[in-house]
Amino acid sequence: IDEDKKSDNVYQVSYTDEDFNKWMEEDLPNKNPGYIEFCCVMQKIATDLPNHGMLLMHGATIEYDGKAYIFTAPSGTGKSTHIALWKKFLGDKVSVINGDKPEVSFDEGKVYVHGAPWCGKEGWQINTSAPLAGVCVIERGEKTSIESIHPGENIELFMSHLYLTDEPDYLIKVVDLFKKMAEAVPFYKLKCDISEEAAKCSFEKLTENEWKSS
């Protein structure tokens, strides 16, 4: 962390018994009180992030050569499996910033991704940040392929991977921030299996580097 940019500000959130009980009523695999508290805090922070120009996004995020890439997909589709392929073949050249819900911020026209405690069952997360260089939607497919897509033409898909509430003002802020994100970084759709070819395909398209030399 840049010593000149450290802040002494303390960010505080709180939740009520009503918030806690609502989470207890959800169909969750784990209803341990500590986990429910974890969910309450996440909800409070995620709801407030747009007020500070930030988003909480559902996606597994990796860093390669100083740049971050978000892989997003419905739960169970294989985003964690795909980034595990990058780790398998590229080793220490790749680090996982967050395995499930990274925070996204904006600064002077650039987009940054940050680690967060809410990182999926694998527990993959690092307290770091990196400039975002691409977002990739993963779909299962028998034949591996990747293509550039326009996020505006797939807005419903991407909205489903952002933390949302029913409050109109909140939704407007989230949509505006997502537009900034879409204007700043490229978006892709990857159809793949769990082979090395799948990792090669996404790697070469997102990083513009050759797989063999990397």
Side-chain angles (χ1 to χ4, degrees), residues 1 29-30 35 38 42 46 54-105 110-149 151 154 157-158 160-163 181-182 184-214:
I1 300 175
N30 181 359
Y35 179 72
F38 194 63
M42 180 200 72
M54 299 179 69
L55 296 170
L56 189 71
M57 184 171 182
H58 176 229
T61 305
I62 60 177
E63 179 182 356
Y64 175 83
D65 196 24
K67 297 178 181 179
Y69 302 92
I70 295 177
F71 290 93
T72 187
S75 297
T77 301
K79 62 183 186 298
S80 296
T81 301
H82 191 75
I83 65 171
L85 288 173
W86 278 51
K87 284 291 293 179
K88 176 181 177 180
F89 293 108
L90 297 166
D92 293 339
K93 293 182 179 181
V94 174
S95 58
V96 183
I97 293 179
N98 184 277
D100 192 53
K101 292 182 177 66
E103 294 177 355
V104 179
S105 68
K110 292 185 178 181
V111 186
Y112 294 85
V113 185
H114 309 266
W118 306 283
C119 53
K121 62 181 182 297
E122 294 86 1
W124 293 340
Q125 74 95 12
I126 305 172
N127 184 19
T128 189
S129 61
L132 181 63
V135 178
C136 185
V137 181
I138 296 178
E139 291 184 358
R140 290 177 179 170
E142 294 181 1
K143 185 177 180 180
T144 298
S145 65
I146 190 168
E147 62 178 342
S148 298
I149 60 173
N154 299 267
L157 169 64
F158 289 108
S160 69
H161 293 297
L162 299 172
Y163 185 85
M181 184 176 175
V185 300
F187 282 66
Y188 307 93
K189 179 181 289 186
L190 172 70
K191 295 183 179 180
C192 65
D193 54 15
I194 55 173
S195 65
E196 179 181 354
E197 178 62 27
K200 173 181 180 293
C201 182
S202 64
F203 175 84
E204 292 190 337
K205 186 70 171 180
L206 271 63
T207 70
E208 298 183 342
N209 290 316
E210 186 179 354
W211 178 252
K212 287 185 178 180
S213 63
S214 300

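These numbers were taken from a predicted model, which means no experiment stands behind them. If you read the sequence from its start, that first residue is 1, and numbering goes on from there.
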Intermediate values then yes/no, side-chain contact (heavy atoms from CB on, under 4.5 Å), F158 and V135: CA-CA 10 Å; F158 289 108; V135 178; 4.2 Å; yes
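- Taking the side chain as every heavy atom from C-beta outward, Y69 and V113 never approach each other to under 4.5 Å.
- Every residue two or more places apart in sequence or in another chain that forms a ring-ring contact (aromatic ring centres under 6.0 Å, His included) with F71 is listed here: H82, W86.
- Closest approach of W124 to V96, counting heavy atoms only: CB-CG1, 3.5 Å.
- Every residue two or more places apart in sequence or in another chain was checked for a ring-ring contact (aromatic ring centres under 6.0 Å, His included) with Y163, and none qualifies.
- Smallest separation of non-hydrogen atoms from P151 and A182: CG-CB, 3.4 Å.
- The line from OG1 of T72 to CG of L162 is 8.5 Å long, rounded to the nearest 0.5 Å.
- Inter-residue side-chain proximity for M42 and K101 is flagged as met; some heavy-atom pair is nearer than 4.5 Å.
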Stepwise side-chain contact (heavy atoms from CB on, under 4.5 Å) check, I146 with L206: CA-CA 10 Å; I146 190 168; L206 271 63; 3.7 Å; yes
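- For the side chain to side chain contact (heavy atoms under 4.5 Å, CB included) criterion with D100, the lone passing option out of Q125, K79, M57 is K79.
- Contacts of S129 classified as side-chain hydrogen bond (donor to acceptor under 3.5 Å, both in side chains), with partners at least two apart in sequence or in another chain: none.
- With values rounded to the nearest 0.5 angstrom, I62 atom CD1 is found 10.5 Å from I70 atom CD1.
- One finds the CG atom of L90 at 12.5 Å from the NZ atom of K200 (value rounded to the nearest 0.5 Å).
- Crowding of E147 atom CD: a count of heavy atoms from other residues, nucleotides or ligands under 6.0 Å exceeding 12.
- Centroid-to-centroid, the aromatic rings of F203 and Y64 come within less than 6.0 Å.
- Sorted by first and then second residue, the salt bridge (Lys or Arg N to Asp or Glu O under 4.0 Å) pairs involving residues 61-74 (not counting sequence neighbours) form an empty list.
- E196 and W211 are linked by a side-chain donor-acceptor pair at a separation below 3.5 angstrom, with hydrogens and angles left out of the test.
- In this structure the side chain of E103 reaches within 4.5 angstrom of the side chain of W118, judged on heavy atoms.
- When the salt bridge (charged side-chain N to carboxylate O under 4.0 Å, His left out) test is applied to K87, no partner is found at least two apart in sequence or on another chain.
- Of the N and O atoms on the side chains of H114 and S105, at least one donor lies less than 3.5 Å from an acceptor on the other residue.
- To the nearest 0.5 angstrom, I97 atom CD1 is 13.0 Å from C119 atom SG.
- When all heavy atoms of T61 and A68 are compared, the pair lying nearest together is CG2-CB, 4.2 Å.
- Between C201 and T144, the closest heavy-atom pair is CB-CG2, 3.5 Å.
- The OG atom of S95 sits 10.0 Å away from atom CD1 of I83, with the distance rounded to the nearest 0.5 Å.
- P102 and G59 make their closest contact through CD-O, 3.1 Å (heavy atoms, listed as atom of the first residue, atom of the second, distance).
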Stepwise side-chain contact (heavy atoms from CB on, under 4.5 Å) check, V104 with V111: CA-CA 7 Å; V104 179; V111 186; 3.4 Å; yes
Can you list, pair by pair, the side-chain donor-acceptor contacts under 3.5 Å of residues 185-194, counting residues two or more places apart and other chains?
{"from": "D193", "atom 1": "OD1", "to": "S195", "atom 2": "N", "distance (Å)": "3.1"}
{"from": "D193", "atom 1": "OD1", "to": "S195", "atom 2": "OG", "distance (Å)": "2.7"}

